[in-house]
Protein chains: 2
Amino acid sequence: MSIKGIFPIDNWDFNSESVLTDLPEKDLQLLMFHQSRQQYKKGEIIFREGAYPSGIFLIEEGKVKKYKTDKHGKEHIIYVANRGELIGYHAILSEDRFPDSAAALEECLVAFIPREDFITAVRESEVLSKRLLKTLSHEFTVLANSLTLLAHKSVRERLAMQLVIIREKYKVNFQPGMPVEINMGRDDLASLVGTARENVVRILSEFKEEGILETRGRKIIITDVQKLIAIAND
Amino acid sequence: MSIKGIFPIDNWDFNSESVLTDLPEKDLQLLMFHQSRQQYKKGEIIFREGAYPSGIFLIEEGKVKKYKTDKHGKEHIIYVANRGELIGYHAILSEDRFPDSAAALEECLVAFIPREDFITAVRESEVLSKRLLKTLSHEFTVLANSLTLLAHKSVRERLAMQLVIIREKYKVNFQPGMPVEINMGRDDLASLVGTARENVVRILSEFKEEGILETRGRKIIITDVQKLIAIAND
DNA sequence: GAAAAAAGGTGATAAAACTCACTTTTTGGG
DNA sequence: CCCAAAAAGTGAGTTTTATCACCTTTTTTC
């Protein structure tokens, strides 16, 4: 049974770096032995920053935001994880508590893998541990990039960039050829970009003026990705 | 990297050990087999962003900045690595090019370990690969923290925080009891905080007014760490 | 140890971003 | 299908941050 077989949906998009892609059958079974599925409604919290991890989570359907909340309750989204991605494993590997929280951005189906099974799988499977090393290093790079982005780009440029990135993630929900709709609250978009909602809304209007995108209610349809990329790159 | 997860700066643990601490003798020998030492003068580049990695580096003496340079030549420091730390291994593990550059912040002694030796050591040594997984997860957490910091804190707060962090790193250069001198150019400090030199200088003067620190030329001596921590935490 | 170069420091001004108070539109449950 | 609640969107005023042009001090080099 391939990885595609054990999941509810068949047309998996694995161009993203899923840790589990092509994992040997026996390793996968080790990992999924005591797995249990759970449904999360939009906004529901999957795990909380600072909690001790009892296992890891595999997103089988939907999108999840990873975020941190500061003292004033303001939340900052670090990353949007998509279908096929594994989350919560940093805490287990670093033998520490969750560094961030995770919540469903939309209706989600998530598999829970107990701590012990994950640890066993990492110990037993050379492929998995090598894959994890690679993924972690890669994630690190991506995060380091965001860091410089935040530090040196204007809000306008950052929003442009995040729109491009987010659009890729929403592609998964649509047939090829169909226009991709980004369906994300302005507040979430703002905390992803690292600014206030008002700024996001304003710049979104500017982009609309400039013929870069259209909005249909909360939904955003990007019509000129190239222009956005140009803005993002200065 | 050396900072323990969760937010408030006063429970961060700065003295985490190197990846190599207590590594079994045979693993260490595997790693250090073809090692070669080199001296770097202040400002000299150890490796460049975008280059293909031919090995990794162990800092035996001195401090190294890891940074990225944007299109306009502006540089942003991601991390300051200290004596005992291993750098440049992300690129090898992610099988990609260097995501950032590294340069000596002061006179440095650095050991170069060839790519093949590192790969062999990771494959052969379970301790090393486990240690790397842990370190990487931890580094990820630290970086995620910086990200939220940049996103939600003012320049003043960010500078306060970085001063506290940097001070810890300069401790290794001084005897216990002796006042710790931060000996870092204002430009470097600015690109660590993510702002312009002028702002750093100005806020530094404010801090001096408020009795938080003293300057002796370029050197900064912090006299009231607690106050800085208070500012950093809002 | 003097001259040159590099780094540190200051003030004024412009631009970007944030905040608050408010209106309009969208959404989802009864 | 309607209504209340939530989310989106707008405008004005304030604060923060960036930039420029310049001077002063420190460091380096010969």
Side-chain angles (χ1 to χ4, degrees), chain A residues 41-44 65 70 72-76 105-107 148-160 162-163 181-209 213-221 231 234, chain B residues 41-44 65 70 72-77 103-107 149-160 162-163 181-209 213-221 231 234:
Chain A
K41 285 191 292 245
K42 182 176 166 182
E44 275 192 301
K65 62 177 172 184
D70 69 19
H72 309 296
K74 228 189 216 162
E75 118 184 350
H76 181 244
L105 271 177
E106 53 192 38
E107 189 83 10
T148 45
L149 235 75
L150 264 179
H152 287 308
K153 300 238 178 221
S154 68
V155 170
R156 186 186 160 87
E157 290 161 348
R158 269 143 55 195
L159 178 57
Q162 288 298 344
L163 283 174
E181 294 179 345
I182 297 173
N183 186 10
M184 196 180 217
R186 300 298 179 263
D187 276 306
D188 281 336
L189 212 43
S191 75
L192 188 60
V193 169
T195 186
R197 201 190 73 247
E198 292 95 318
N199 296 315
V200 168
V201 168
R202 254 185 273 274
I203 298 169
L204 238 30
S205 309
E206 288 174 28
F207 286 164
K208 203 151 55 166
E209 293 279 303
L213 52 80
E214 286 165 29
T215 56
R216 239 176 269 155
R218 65 144 35 169
K219 283 163 186 142
I220 300 170
I221 299 111
I231 293 171
D234 278 3
Chain B
K41 284 191 294 243
K42 181 178 166 180
E44 274 192 300
K65 63 176 171 184
D70 69 18
H72 309 295
K74 226 188 215 163
E75 112 186 355
H76 181 243
I77 298 180
L105 271 176
E106 53 191 40
E107 190 83 9
L149 236 74
L150 265 179
H152 289 308
K153 301 237 178 216
S154 70
V155 170
R156 186 185 159 88
E157 291 161 348
R158 268 142 56 195
L159 178 57
Q162 288 298 344
L163 283 173
E181 295 180 346
I182 298 173
N183 186 11
M184 195 181 221
R186 300 298 180 261
D187 276 306
D188 281 336
L189 213 43
S191 76
L192 188 61
V193 170
T195 187
R197 200 189 73 247
E198 292 94 319
N199 296 317
V200 168
V201 168
R202 255 185 273 275
I203 297 169
L204 239 30
S205 308
E206 288 174 27
F207 286 164
K208 203 150 56 166
E209 292 279 303
L213 52 80
E214 286 165 28
T215 57
R216 238 176 269 154
R218 65 142 37 165
K219 282 162 187 142
I220 300 170
I221 300 110
I231 292 171
D234 275 2

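Residue numbers start from 1 in every chain, and the chains themselves are labelled A, B, ... in the order their sequence lines are given, proteins ahead of strands. Keep in mind that what you see is a predicted model, and the values were worked out from it rather than measured.
Taking atom CG of residue B/Leu213 and atom P of nucleotide C/dG9, one finds them 11 Å apart after rounding to whole Å.
Between B/Phe207 and B/Leu159 the shortest side-chain heavy-atom distance falls below 4.5 Å. Between A/Leu213 and A/Leu163 the shortest side-chain heavy-atom distance falls below 4.5 Å. In this structure, the side chains of A/Asp187 and A/Val200 stay at 4.5 Å or more apart for every pair of heavy atoms. No side-chain heavy atom of A/Ile203 sits under 4.5 Å from any side-chain heavy atom of A/Thr195.
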Requested in this report: Spell out protein contact along nucleotides 12-30 of chain C as letters: B when the base is contacted, S when just the sugar-phosphate is, - when no protein heavy atom is under 4.0 Å; keep the 5' to 3' order.
Outcome: B----SBBB-----SS---

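Judged as a salt bridge (charged side-chain N to carboxylate O under 4.0 Å, His left out), the pairs with a partner in residues 195-209 of chain A (not counting sequence neighbours) are, in order, A/Arg156-A/Glu206.
Judged purely by atom type and a 3.5 angstrom limit, A/Arg186 uses its side chain to pair as donor or acceptor with the backbone of A/Arg218.
Remark: B/Glu75 engages B/Lys65 in a salt bridge (Lys or Arg N to Asp or Glu O under 4.0 Å) (not counting sequence neighbours). Evaluation of the salt bridge (Lys or Arg N to Asp or Glu O under 4.0 Å) rule for B/Glu181 yields B/Arg216 as partners, not counting sequence neighbours.
Of the residues in residues 182-193 of chain B, none has a non-hydrogen atom less than 4.0 angstrom from any atom of DNA chain D.
With axes fitted over five pairs at each extremity, the angle between the ends of the helix from C/dG1-D/dC30 to C/dG30-D/dC1 is 60° (10° resolution).
The line from CG of B/Leu192 to NE2 of B/His76 is 7.0 Å long, rounded to the nearest 0.5 Å. Rounded to the nearest 0.5 angstrom, A/Glu44 CD and A/Glu107 CD are separated by 8.5 Å.
One finds a side-chain N or O of B/Ser205 lying less than 4.0 angstrom from the OP1 or OP2 phosphate oxygen of C/dT10.
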